[in-house]
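A quick write-up on the structure given underneath.
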Number of protein chains: 2
Amino acid sequence: MAKSNAPITEHLAYLLAQANREINRQLELRLSKEGVPVEQWRILKVLSDGDGHSMGELADAVLLNHPTLTKMIDRMVSDTLVYRVQDPNDRRKVLMFISDRGKVLCKKLNSLAVDQEEHILESYGDKSTSELKRLLESLIDSSN
Amino acid sequence: MAKSNAPITEHLAYLLAQANREINRQLELRLSKEGVPVEQWRILKVLSDGDGHSMGELADAVLLNHPTLTKMIDRMVSDTLVYRVQDPNDRRKVLMFISDRGKVLCKKLNSLAVDQEEHILESYGDKSTSELKRLLESLIDSSN
DNA sequence: TTGAAAATATTGAATATTCAACAATTGAAG
DNA sequence: CTTCAATTGTTGAATATTCAATATTTTCAA
């Protein structure tokens, strides 16, 4: 039985928040070299398959809710990193695509992100990292 | 070597963000029964040791930056859940204390949070949970 | 002791996020 | 077919967060 007087630092929710905050902070720091927030990197990465993705799909994939995504996409359209196309099969939908400029930026960002992953692998270990990833995936699965 | 064309879903930073989002959403849902955001529960929990904690200490402990914490504490003071006392030993500091009303609320919130942890234990498993906690702690350690 | 630098908390302006309402389109039941 | 509900995306107002600047107090070196 879980103890209700356990310190906050023993709660899974807290540990996740703390780890997420720290790793995200580090990633943010690297990506700031290109002046891009983490969410925009995620968007570019998802779109870099070249397919069109609807706003709803994208919002799910990049962990943003719809209005926030709309406004972030507005900025990225201004920066000509992505563009909108109305879905011909369902005109309620908007399909998002990555531009050539977006692809170039995405490549740079990817290598910055890989730097970070390699840094984690070094200090945290190969084995721990893959085990942690496995457990996180399974936690996410079991939450649906 | 980490692959730069790996899908976003394979990045540790993404898995952490996703898991954190999901677990936090669930916790939020429970705590909303008392109309309290997760951060306020954390604050109450940290303060429930009865000691005075400075704003800086608290900000670190509850994963908020200073101005955000100040404004959240303002609200909690209005709700008479906590109160400020100037530190007599260092008058730059403010010591935060939990009120009786805060203690009562904190108990209710604790049991809602414990509900959640037990729910996770059931669906995710005892073993996986403690292993995940261990790995998260160690990741956080190795990031400092 | 004094004066400059560091530490602590708060404030206000700028920015970002969220909630609720809306508009447009599609789906589907009668 | 027609109409009503559901889906999709955006907007604007309300709210929250962040950044930079400020005020206060302490520390510490000269």
Side-chain angles (χ1 to χ4, degrees), chain A residues 17-18 20-22 24-29 31-32 35-43 46-47 51-79 81-97, chain B residues 17-18 20-22 24-29 31-32 35-43 46-47 51-79 81-97:
Chain A
Q18 199 181 358
N20 179 51
R21 186 182 160 88
E22 180 58 27
N24 206 56
R25 199 190 55 73
Q26 288 174 16
L27 182 56
E28 215 162 46
L29 200 65
L31 299 190
S32 72
V36 174
V38 175
E39 290 79 12
Q40 290 198 13
W41 171 59
R42 289 197 197 129
I43 292 171
V46 169
L47 295 187
D51 300 346
H53 293 262
S54 75
M55 292 296 280
E57 238 183 291
L58 205 48
D60 283 350
V62 305
L63 315 175
L64 290 176
N65 52 18
H66 292 217
T68 306
L69 178 64
T70 291
K71 285 155 192 173
M72 183 160 285
I73 288 287
D74 286 347
R75 276 169 252 151
M76 294 176 78
V77 168
S78 298
D79 296 342
L81 296 171
V82 299
Y83 57 94
R84 291 176 162 100
V85 174
Q86 195 176 50
D87 185 338
N89 297 119
D90 184 343
R91 289 186 329 200
R92 288 169 301 182
K93 294 187 183 171
V94 169
L95 297 180
M96 298 303 314
F97 291 89
Chain B
Q18 198 181 0
N20 178 52
R21 186 182 161 88
E22 180 58 28
N24 206 58
R25 198 189 56 76
Q26 288 174 16
L27 182 56
E28 214 163 46
L29 200 67
L31 300 189
S32 71
V36 175
V38 175
E39 290 79 10
Q40 290 198 14
W41 171 59
R42 289 198 198 128
I43 292 170
V46 169
L47 295 185
D51 301 345
H53 293 262
S54 73
M55 292 296 280
E57 239 183 291
L58 250 192
D60 282 350
V62 304
L63 315 176
L64 290 176
N65 53 17
H66 294 217
T68 307
L69 179 63
T70 293
K71 285 155 192 173
M72 183 160 285
I73 289 287
D74 286 347
R75 276 168 252 153
M76 294 176 77
V77 168
S78 299
D79 296 342
L81 297 171
V82 299
Y83 57 94
R84 291 176 162 99
V85 175
Q86 195 176 51
D87 186 338
N89 297 118
D90 183 342
R91 289 185 330 199
R92 289 170 301 183
K93 294 186 184 174
V94 170
L95 296 181
M96 297 303 314
F97 290 90

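Here is how names work: the chains are called A, B, and so on, in the same order as the sequence lines, proteins then strands, and each is numbered from 1. If you're wondering where the values come from, they're calculated on a predicted model, not measured in any experiment.
Of the possible donor and acceptor atoms, one in the side chain of B:T70 sits under 3.5 Å from a partner among the backbone N and O of B:H66.
Rounded to an integer number of Å, the gap from B:M55 CE to D:dT24 C1' is 15 Å. C:dG27 atom P lies 9 Å from atom NZ of A:K93, rounded to whole Å. Atom pair B:D90:CG and C:dA6:P shows a separation of 17 Å (rounding to whole Å applied). Following rounding to the nearest Å, A:M72 (CE) and D:dG9 (P) show an atom-to-atom distance of 17 Å. Spacing between atom NE2 of A:H53 and atom P of D:dT8 amounts to 16 Å, rounded to whole angstrom units. B:D87 has its CG atom 11 Å from the P atom of C:dT8, to the nearest Å. One atom, CD of A:E39, and another, P of C:dT15, lie 18 Å apart when rounded to the nearest Å. Atom CG in A:D60 sits about 10 Å away from atom P in D:dG9, given to the nearest Å.
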Without placing hydrogens or testing angles, list every side-chain donor-acceptor pair under 3.5 Å for residues 51-63 of chain A, not counting sequence neighbours.
from  : atom 1 : to    : atom 2 : distance (Å)
A:H53 : ND1    : A:E57 : OE2    : 2.9
A:H53 : NE2    : A:D49 : OD1    : 3.1
A:H53 : NE2    : A:D49 : OD2    : 2.9
A:S54 : OG     : A:E57 : N      : 3.2
A:E57 : OE1    : A:S54 : N      : 3.3

Report task. May I have the step-by-step check of side-chain hydrogen bond (donor to acceptor under 3.5 Å, both in side chains) for A:Q18 and A:E22, ending in yes or no? Result -> CA-CA 6 Å; A:Q18 199 181 358; A:E22 180 58 27; over 6 Å; no
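In this structure, the nucleotide among D:dA16, C:dT11, C:dA16 sitting nearest to the side chain of A:R75 is C:dA16. Side-chain proximity of A:P67 to D:dT11, D:dT18, D:dA6: nearest is D:dT11. Nearest to the side-chain atoms of B:D74 among the listed nucleotides D:dT18, C:dT17, C:dT11 stands C:dT11. Listed candidates were D:dA13, C:dT11, D:dT10. Nearest to the side chain of A:V94 is D:dT10.
Note on B:T70: a side-chain N or O is less than 4.0 Å away from OP1 or OP2 of C:dT10. Note on A:S54: every side-chain N or O is 4.0 Å or more away from OP1 and OP2 of D:dT8. Contact between the side-chain N/O atoms of A:R91 and the OP1/OP2 oxygens of D:dT8 is not found at any separation under 4.0 Å.
The existence of a salt bridge linking B:R25 and B:E28 is excluded, since no basic side-chain nitrogen approaches an acidic carboxylate oxygen closer than 4.0 Å.
Between the side chain of A:R92 and the base of D:dT7, a donor-acceptor pair under 3.5 Å is found.
Atom OH of B:Y83 sits about 10.0 Å away from atom CG of B:L47, to the nearest 0.5 Å.
Between A:N89 and B:E57, the residue anchored closer to the 5' end of DNA chain C is B:E57, taking for each the nucleotide with the nearest heavy atom. Judged by closest nucleotide on DNA chain C, A:K71 is the one of A:P88 and A:K71 placed further toward the 5' end.
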